[in-house]
Enquirer: 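Here it is: the structure, laid out below.
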Number of protein chains: 2
Amino acid sequence: MSKTASSQAQVPEGLLLPVPGLDYGVLDELLGYALRRAQNALYLDFYRATEGLDVSPQRFAALVLVARNPGMRQGLLAQAMGLHRSGALRLTDWLTEQGWAERRDDPSDARSWGLHLTAHGRRTLAKLEQLVRAHDQALLQGLGERGSALKADLERLAWVATAAAQPIPPAKPTKTDRRPKP
Amino acid sequence: MSKTASSQAQVPEGLLLPVPGLDYGVLDELLGYALRRAQNALYLDFYRATEGLDVSPQRFAALVLVARNPGMRQGLLAQAMGLHRSGALRLTDWLTEQGWAERRDDPSDARSWGLHLTAHGRRTLAKLEQLVRAHDQALLQGLGERGSALKADLERLAWVATAAAQPIPPAKPTKTDRRPKP
DNA sequence: TATTGTTATACTCTATAACTATA
DNA sequence: TATAGTTATAGAGTATAACAATA
């Protein structure tokens, strides 16, 4: 087991607002820059909404994934979160140190761990989910009728950008921890 | 002048695609998570579109800002990009090392630098702008009619999230390098 | 021979704090 | 006293490479 997990989440960026009087040139026309501004604002707002619980959006996502897929391997967590294996290790270490998750032997593969939430982890996640849901609802409400359309458009955008980057999507069979290889 | 600027941009994250068979729970319902997935995809696609030029989205933004606002101070660059002063320093160092920007004395304040692009920087930016514009256009085209609505919605979302985080926007006068204090 | 998790290490990005020069 | 830039340092996140155990 590793010993290098970190203990404190930290807001990495300040507010990214248009500065009056500055000329942003092409940036103001780019979808990509609008996306960056929105994500920056949401990121800061996430920390405000979950203040005191010391959880980053990424760590929240990991908690949800382990909760909904008990017994999942670290490697699968890495794949789901777009991380290298070593990144999933650090993340798992951190969750374990918080007392929120634990590694158990995977009966089907002695090399692997099965990840599970502890009772403490489940309680924390319940609190977090409530805060994050409320936070998201507030945003949607602020957007009005276009909120749900925005979410669908974002999903489509992710798909379009991925297709552009990878003309042929990888045909690798995606295996979960519960389904045997084909 | 500092000596610690880095030389290589690096793609920090792998692909963040939904893994079939995994249960994402609340994540699939959250606007914030959809936004994260979209930004991840666009980030990777940006690197593909500008391959070989070794520029991150952030560095591209800095180039544009300095080009459109010649003589701007480092502190203003930091403010525009949501960075700490020390971050703007590193960024400026990097641009300078590439030979794309230079620091000149600011005639109005001996403490400050005025930032300017070099001829090399302007040529590089011209190339980059072309690639980035084409990249963005391709995304918009992939989105069809909803593309422009998406951009507007993202701008609104950034505003809503910022308003939520800061009920009272800071009344600090935003000064550029060309306008005297009120 | 390939995969899983681990260890060690390095690099990037960001921040804080203390410092210098100037306002 | 406050501001602009710098320096030094630290923390978090990510990656690569080599390794042991297992498949």
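Letters A, B, ... are given to chains in the order of the sequence lines, protein chains preceding strands, and every chain is numbered from 1.
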Enquirer: Closest heavy-atom contact between B:Gln74 and B:Ala88?
Expert: O-CB, 3.5 Å
Enquirer: Quick one: on DNA chain C, does A:Ser86 or A:Ser112 contact a more 5' nucleotide (nearest heavy atom)?
Expert: A:Ser112
Enquirer: Give the rounded distance in Å between these two atoms: CG of B:Asp54 and P of C:dC11.
Expert: 15 Å
Enquirer: Roughly how many Å is it from CG in B:Leu15 to C1' in D:dA15, rounded to a whole number?
Expert: 17 Å
Enquirer: Is it true that B:Glu102 and B:Arg104 have a side-chain N and a carboxylate O under 4.0 angstrom from each other?
Expert: yes
Enquirer: Does B:Trp94 place a side-chain N or O at less than 4.0 Å from the phosphate oxygens OP1/OP2 of C:dT12?
Expert: no
Enquirer: Measure from CG on A:Leu77 to P on C:dT6 and round the result to the nearest Å.
Expert: 12 Å
Enquirer: Which heavy atom of B:Trp100 sits nearest to which heavy atom of B:Leu53, and what is that distance?
Expert: CH2-O, 4.0 Å
Enquirer: I'd like to know if A:Asp153 and A:Arg156 make a salt bridge, using a cut-off of under 4.0 Å between side-chain N and carboxylate O.
Expert: no
Enquirer: Report the end-to-end axis angle of the helix from C:dT1-D:dA23 to C:dA23-D:dT1; each axis comes from five terminal pairs, and the value is rounded to 10°.
Expert: 0°
Enquirer: Taking protein heavy atoms under 4.0 Å as touching, what does nucleotides 18-23 of chain C look like 5' to 3' if B marks base contact, S marks sugar-phosphate-only contact and - marks none?
Expert: ---BBS
Enquirer: Kindly say if A:Gln74 contacts the phosphate of C:dT6, meaning a side-chain N or O under 4.0 Å from OP1 or OP2.
Expert: yes
Enquirer: Establish, yes or no, whether the cationic atom of B:Arg36 lies under 6.0 Å from the six-membered ring centre of B:Tyr43 and within 45° of the ring axis.
Expert: no
Enquirer: Think A:Arg73 has a side-chain N or O under 4.0 angstrom from the OP1 or OP2 of C:dT4?
Expert: yes
Enquirer: Measuring only between side-chain heavy atoms, which start at C-beta, is B:Arg68 closer than 4.5 Å to B:Val64?
Expert: yes
Enquirer: Does the ring of B:Trp94 carry B:Arg59 above it, NZ/CZ under 6.0 angstrom from centre and within 45° of its axis?
Expert: yes
Enquirer: D:dG13, D:dA15, C:dG5: which one has an atom nearest the side-chain heavy atoms of A:Arg59?
Expert: D:dG13
Enquirer: Taking atom C1' of D:dA12 as reference, at what distance in whole Å does atom NE2 of B:His84 sit?
Expert: 17 Å
Enquirer: Rounding to an integer number of Å, can you tell me how far A:Leu89 CG sits from D:dG13 C1'?
Expert: 13 Å
Enquirer: Do any side-chain nitrogens or oxygens of A:Arg103 fall under 4.0 Å of OP1 or OP2 in C:dT4?
Expert: no
Enquirer: Please report the distance, rounded to the nearest Å, between CG in B:Leu115 and P in D:dA4.
Expert: 13 Å
Enquirer: Before accepting this row, confirm whether a basic side-chain N of the pair B:Glu29/A:Arg133 lies closer than 4.0 Å to the acidic partner's carboxylate O.
Expert: yes
Enquirer: If you look at every heavy atom in A:Asp23 and B:Leu65, which pair is closest and at what distance?
Expert: O-CD2, 3.9 Å
Enquirer: Considering every strand and a 4.0 Å limit on heavy-atom distances, what is the contact class for A:Gly87: base, sugar-phosphate, or nothing?
Expert: nothing
Enquirer: In whole angstrom, what separates A:Gln79's CD from C:dG5's P?
Expert: 12 Å
Enquirer: For B:Tyr43 and D:dA15, what is the distance between atoms OH and C1' respectively, to the nearest whole Å?
Expert: 13 Å
Enquirer: Over 60° means perpendicular and under 30° means parallel, so tell me whether B:Tyr24 and B:Tyr33 are parallel, tilted or perpendicular.
Expert: tilted
